[in-house]
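Before any comments, here is the structure.
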Amino acid sequence: MTTIRLTAAQAMVKWLSVQMTPEGERFIEGVWAIFGHGNVAGLGEALHGIKDTLPTWRGHNEQTMAHAAIAYAKTHKRRRAMAVTSSIGPGATNMVTAAALAHVNRLPVLFIPGDVFANRAPDPVLQQIEDFDDATVSANDCFRPVVRYFDRISRPEHILTALPRALRVMTDPANCGPVCLAFCQDTQAEAYDYPAEFFTPKVWHIRRPEPDARELAEAVAAIKAAKKPLIVTGGGVIYSGAEAAVLEFAAKHNIPMVETQAGKGAVDWEEKLHFGSPGVTGTGCGNQLAADADLVIGIGTRFQDFTTGSWTVFSKPNRKLLSINIHGYDAAKRGAQSLVADAKVALEKISAALGHHRFADPDFAARDKWFQTTDALMAAPNGAGLPTDAQVIGAVQRNTGKQSVVMCAAGTMPGALHVLWRAAAGGYHMEYGFSCMGYEVAGAMGIKMAAPEKDVICMVGDGSYMMANSELATAVMMGIPFTVVLTDNRGYGCINRLQQGTGGAPFNNLLDDSYHVNPAAIDFVAHARSMGAQVVKAADIAQLEAELQAAKGAKIPTVIVIDTDPNPGTGAGGTWWDVAVPEVSTRREVNEAREAYVQATKRQWLVN
Ligand SMILES: Cc1ncc(C[n+]2csc(CCOP(=O)(O)OP(=O)(O)O)c2C)c(N)n1
Ligand SMILES: [Mg+2]
């Protein structure tokens with residue numbers, strides 16, 4: 001047997017560099033790295049040796065480097081990914097939030113935190129946590145609940161089994177998610193005679209499981225028996241590449257569609273069977289269909305509470321739930337009739353079996369009326385006062401085209417965009433599984449790395465910007481342009497509204513309602529400019545529109561700051577959301593909200 005003598009770290013990166021997509025690209029595009037104790041000597045040396053084949057990029061924070069990697073994988077519909085490596089200890093635990101984000105959103109990312117010495121010789125090393133009762137525990141065990149595969153590489157030959165398992169998970173359509181290979185510091189540096197064959201390039205195909213014959217027949221029967229079906233398009237449709245199949249299916253059988261946050265942009269908003277979104281951040285016309293439907297066909301959705309109005313829509317008494325999903329876990333939720341299969345394959349098979357079966361027209365007039373309502377919400381203001389988030393969205397909508405991707409994660413904007421944004425196919429990127437503040441700026445960078453031909457628009461509130469913004473400097477350094485629209489409403493606007501909606505006093509959300517000695521005075525323009533971005537403050541919506549135009553073709557990120565009104569919500573469309581209100585309180589407003597809450601929960605159907 002021919003062997004190659006390499007350190008475990010050298011072998012790991014060499015192997016990663018030859019894992020290919022069917023299109024002939026590397027599955028792991030590159031490695032984000034912040035070096036420190038636990039990865040600089042081992043992995044650092046190995047990455048330097050391979051940098052012309054497998055690039056290494058340096059960020060400013062492990063969590064946000066991982067956000068960039070996750071956004072990259074999401075943009076590539078899980079067909080390509082990135083790795084992120086950190087030192088042992090804080091660098092590693094900084095990545096745990098990002099691992100959870102990837103886990104919830106079912107997105108592949110390879111985490112390679114450094115780990116303690118396998119030989120324990122220098123224990124306790126810098127940053128080692130020391131569990132008194134369990135010698136096998138390290139800080140990296142925090143990853144276990146939030147990755148789909150965990151391994152600790154404590155011998156050089158472990159990578160022979162760990163790496164193929166890692167790639168298997170990342171390319172598995174049902175089990176896809178983050179992987180953690182915690183890499184002991186001394187093991188990284190240890191040499192071993194690896195079989196040369198291990199480094200033969202391998203192509204990873206993503207399989208498309210066919211439906212079970214009985215489940216397929218039952219799904220067809222359920223659709224035939226329906227009078228008013230409604231399709232709920234989830235993120236799985238996009239990951240399956242089933243966007244065209246959904247549209248064809250809907251058009252052929254005349255079934256209206258609504259899209260979840262992860263599914264939005266699967267179908268161009270202009271398609272007339274597209275009725276927007278369902279649930280808490282649903283469109284008026286979409287939720288009307290949801291209320292009237294006798295069969296809800298979920299495709300690639302995990303039925304998160306925003307989608308289901310905390311199970312006040314899409315459940316009994318009047319309707320049946322059919323869930324088409326690649327994973328039995330999602331397909332069986334709430335007692336739904338399951339069809340476990342790849343979305344594209346399933347839709348083609350169902351459609352063939354349905355023949356020319358067509359349903360009656362949905363209420364197209366309601367859809368037209370909805371667009372009139374939202375046109376008014378998004379129109380440029382003509383009076384004085386701070387603009388609303390809806391007006392900011394309108395300005396962005398009017399100044400971007402079909403080649404744009406609007407992206408966001410937390411705050412007012414995700415809900416407002418879900419309900420208002422008219423997404424072109426492939427034009428919407430929302431991290432609303434974990435809704436993690438601080439995903440935005442780094443995520444925008446990851447999207448642009450995956451899709452340089454797109455104009456990436458990052459919508460971020462002042463709160464989320466303050467939580468994590470330092471990859472802006474990385475994007476400047478790496479020459480990755482995107483446009484950030486930073487809405488400054490002086491605090492956590494959406495939570496402030498939610499607080500009052502549940503009877504609470506305005507407290508600890510807006511900056512001025514929070515404990516302070518000096519009023520907060522954050523200069524966002526100076527802040528972003530200090531990192532090298534092109535920055536401007538828009539005085540009003542008209543200037544925002546002009547600056548959005550001016551940002552086109554920029555070679556570095558542009559940040560446009562605009563002051564907004566924290567008070568108005570979207571003002572249209574949505575349903576109830578279950579947020580538990582205190583049962584006893586000295587506040588009259590809380591007691592009233594509790595009363596309304598108890599009434600609302602009576603509309604929840606917990607079992608189908
Ligand atoms: C990491 C993280 N911490 C806390 C939250 C809870 N949270 C959701 S939105 C929000 C406020 C966001 O404020 P901002 O970005 O300014 O948006 P706004 O609603 O004011 O437009 C908070 C605290 C979260 N989603 N993520
Ligand atoms: Mg804010």
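Note that ligands are numbered from 1 as they come in the structure, with each ligand's atoms numbered from 1 the same way.
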Next on the checklist: Quiz question: by atom type and distance under 3.5 Å, do the side chains of N508 and Y515 form a donor-acceptor pair?
Outcome noted: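 Y515 and N508 do not have a side-chain donor-acceptor pair below 3.5 Å.
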Checklist entry - Does one side chain, of R497 or T412, offer a donor that lies under 3.5 Å from an acceptor on the other? => result yes
Checklist entry - How long is the span from the CD atom in Q500 to the CD1 atom in I495, to the nearest 0.5 Å? => result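 It comes to 12.0 Å.
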Item to check | Inter-residue atom distance M430.CE - W421.CH2, 0.5 Å rounding | outcome: 10.5 Å
Give me the nearest non-hydrogen protein atom to [atom] as residue plus atom name, then the distance to 0.1 Å.
atom: atom 21 (O) of ligand 1; result: T412 OG1, 3.1 Å
atom: atom 26 (N) of ligand 1; result: M437 N, 3.2 Å
atom: atom 14 (P) of ligand 1; result: G463 N, 3.6 Å
atom: atom 13 (O) of ligand 1; result: Y492 CD2, 3.4 Å
atom: atom 1 (C) of ligand 1; result: M467 SD, 3.4 Å
atom: atom 25 (N) of ligand 1; result: S435 O, 2.8 Å

Checklist entry - Do C436 and ligand 1 have an N or O pair less than 3.5 Å apart? => result no
Item to check | Polar proximity ligand 1 side, A410 side, N/O cut 3.5 Å exclusive | outcome: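 A410 vs ligand 1: no N/O contact under 3.5 Å.
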Numbering as shown, the atoms of ligand 1 that approach [X] to under 4.0 Å (heavy-atom distance):
X: G411; answer: 9 (S), 12 (C), 17 (O), 19 (O)
X: S464; answer: 14 (P), 15 (O)
X: G493; answer: 18 (P), 19 (O), 20 (O)

Next on the checklist: Tell me if the centroids of the rings in W57 and W32 come within less than 6.0 Å of each other.
Outcome noted: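 Between W32 and W57, which both carry aromatic rings, the centre distance is below 6.0 Å.
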Next on the checklist: Set out, in order, the CA-CA distance, both residues' side-chain angles and the distance that settles side-chain contact (heavy atoms from CB on, under 4.5 Å) for L548 and R398, then state yes or no.
Outcome noted: CA-CA 10 Å; L548 284 162; R398 290 188 290 277; over 6 Å; no
Would you call [X] and [Y] a salt bridge, using N to O less than 4.0 angstrom?
X: R422; Y: D268; answer: no
X: R490; Y: D513; answer: no
X: K552; Y: D455; answer: no

Item to check | D462, N/O/S atom nearest the Mg ion (ligand 2) | outcome: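 Result for D462 and the Mg ion (ligand 2): OD1.
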Checklist entry - Any chance OH of Y329 has more than 12 other-residue heavy atoms, nucleotides or ligands included, within less than 6.0 Å? => result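 No.
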Checklist entry - N/O/S atom of Y492 under 2.8 Å from the Mg ion (ligand 2), yes or no? => result no
Checklist entry - Is P566 close enough that one of its N/O/S atoms sits under 2.8 Å from the Mg ion (ligand 2)? => result no
Checklist outcome for this item: The answer for which part of M413 has a heavy atom under 4.0 Å from ligand 1 is neither
Item to check | N489 contact mode with ligand 1 (heavy-atom cut-off under 4.0 Å) | outcome: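 The part of N489 near ligand 1 is the side chain, not the backbone.
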Item to check | Any G491 heavy atom less than 4.0 Å from ligand 1 | outcome: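 Yes.
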Item to check | Over-ring placement of K264 relative to Y428, 6.0 Å and 45° cut-offs | outcome: yes
Checklist entry - To which of D389, D462, I495, N496 does the heavy atom nearest atom 8 (C) of ligand 1 belong? => result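 When every heavy atom of D389, D462, I495, N496 is considered, I495 comes closest to atom 8 (C) of ligand 1.
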